[in-house]
Amino acid sequence: MIQPLIALVDCNNFYVSCERVFRPDLLYQPVAVLSNNDGCIVARSQEVKDLGIKMATPVHQIKHLIKRHQIHLFSSNYTLYADLSSRVMQSLEAYSPHLEVYSIDESFLDLTGLCSHTSSRRNSIDYALQIKAEVFQNTGIPVCVGLAPTKTLAKLANYAAKKWHKTGGVLDLSDTLRRDKLLPLVPVNEVWGVGKQTTKRLHLMGIFTAHDLASQSVATIQSHFNIVLARTVQELNGIACLDLESIAPDKQQIVCSRSFKRRLTDEKELIGALTCFAQTAAEKLRHQESVAGSISVSIRTNPLSQTDAQYQRSGQIQLKQPTNDTRHIVRIAKRLLKEIFKLGYRYQKCSLQLGHIQPETQRQQMDLFSVSEQSSDSSTLMNTVDHINRRFPKAIAISAAGINNDWQTPVNYLSPRYTTDWDSLPGVT
DNA sequence: TCTGGGGTCCTAGGACCC
DNA sequence: TCTGGGGTCCTAGGACCC
């Protein structure tokens, strides 16, 4: 039987690399990309990591470092990142018939039988090096490749390929001898699926490295923790428990939420924000040809504020009849907001959540006594709106969404949409 | 003054049923 | 004093991921 071979291809400092593709002058400069609100650091170049700046650090805490080291900042340019991501994934498709796009910057590829026919490790390494070179050639994005018989080990191989430069950005952990050498060097919190809380408890049990965890009996871990971590132990030992999912399942919930640039106190302004969220969420819902059976809305003040009075509440409604009509969702959201809104608080964040999502085609039969809230021409109208908005973004919107939404996030360091907007195409002089 | 957003999965516990 | 047992469904909350 052929040993399975999974590759994890992960882009290096993805958002930063995207910015650098069009700004080669920044290649060896410290570069960071900021979160939606220009509030936190969400991507760092190696130079920034070397300064000891951690992921999700609030910008205001490191102003002095930004100034002293002249760190180049960028607001998140998701349009650009999404486009480059799809180009990376397109390049990868040539290398395996089974590909799972795991996130915006990484994919699992099933290479079983594709490059192990000589059973020499060199062969798989060559294949991975080829993948790496082609992605860079096609997109300008550097990647690292981890190879192993399970997803968890492939993640680990990728971690090591990134950390130890002499691997050349490619590492194969198919060989158990090699695993025995590497796993004792990897802190247990670097294992995929082991987070902060689990790490704390593992430390108390004297488990500090990936090797320590792999040596535990599955039953022990299952009894002290849960099935998820028990699977991780098996995966670390080369026994696959997690399948490659080449077909992305439909989303089970869709969330839209934002922190506001400034605190909102007026119900009208919250309605405006909520209406925007409802439009975005409903559009996503229709894009996967689904309807939602429940809607919930939540609002809160800033929990980190020492001076503001705190308030947080959410409300949910199960719909008699599932919908994907923006107008209907907006109506319900407004009604929910009315129920939970309290005057006199400074609201920092608001979110809208669609749940109980099901395929449109399986929309349940109405019961005998309910009156349809979704008119028969609804889907025609929504399709038309989506169609127009795809060509002319935000051309059609619900009026309550407002035009001057100054609660929206500041983008002080936004780069152009180099690849998706004619007027932003980089020129050559 | 300023601290991201969008997801998934699992578990415990309550309600309810027979 | 004793106060069934087993099953399902739903929800809230925790933990994790990128």
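Convention: sequence-line order gives letters A, B, ...; per-chain numbering from 1.
- For the pair A:Gln222 and A:Pro58, both in contact range of DNA chain B, the more 5′-proximal nearest nucleotide belongs to A:Pro58.
- Protein chain A contacts DNA chain C from C:dT11 to C:dC18, reading 5' to 3' and using non-hydrogen atoms of the protein with a distance under 4.0 Å.
- Using a 4.0 Å heavy-atom distance criterion, A:Ser76 is classed as making no nucleic acid contact.
- The residue A:Gln318 sits close only to the backbone: its heavy atoms come under 4.0 Å of sugar-phosphate atoms, none of a base.
- Remark: the backbone N or O of A:His211 is paired with a side-chain donor or acceptor of A:Thr209 at under 3.5 angstrom.
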Dot-bracket for DNA chain B, 5' to 3', with Watson-Crick and G-U pairs under 3.5 Å, [ ] for crossing pairs and | for other-strand pairs: what is it?
-> ....||||||||||||||

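- At a threshold of 4.0 angstrom between heavy atoms, the contacts of A:Arg201 with the nucleic acid are absent.
- When heavy atoms are screened at a 4.0 angstrom cut-off, A:Val101 is found touching no nucleic acid atom at all.
- Comment: A:Asp266 does not engage A:Lys268 in a salt bridge, judged by the lack of any side-chain N to carboxylate O separation of less than 4.0 angstrom.
- Among the heavy atoms of the strands lying under 4.0 Å from A:Val194 are primed sugar atoms or P, OP1, OP2 only; no base atom is included.
- By the 4.0 Å N-to-carboxylate-O rule, A:Glu106 lies too far from A:Lys162 to be salt-bridged with it.
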A:Arg178 vs A:Leu171, side chain to side chain contact (heavy atoms under 4.5 Å, CB included): CA-CA, chis, key distance, verdict = CA-CA 10 Å; A:Arg178 187 166 279 256; A:Leu171 183 69; 3.4 Å; yes

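- Here A:Ile104 lies out of heavy-atom contact (under 4.0 Å) with every strand.
- For A:Lys163, the NZ atom is loosely surrounded, since the number of other residues' heavy atoms within 6.0 Å does not exceed 12.
- Nearest-nucleotide positions on DNA chain B place A:Thr307 closer to the 5' end than the other of A:Gln252 and A:Thr307.
- Residue A:Lys200 is classed as having no contact, given no heavy-atom separation below 4.0 Å to the nucleic acid.
- With hydrogens and angles disregarded, a donor-acceptor distance shorter than 3.5 Å links the side chain of A:Arg286 to the backbone of A:Asn324.
- Between A:Arg262 and A:Glu269, at least one side-chain nitrogen of the basic residue sits less than 4.0 Å from a carboxylate oxygen of the acidic one, meeting the salt-bridge criterion.
- Note on A:Leu34: nothing from the nucleic acid sits closer than 4.0 angstrom, heavy atoms only.
- When atom types are taken as modelled, the side chain of A:Asp325 and the backbone of A:Arg327 share a donor-acceptor pair closer than 3.5 angstrom.
- Between A:Tyr15 and A:Phe74, the distance separating the two ring centers is not shorter than 6.0 angstrom.
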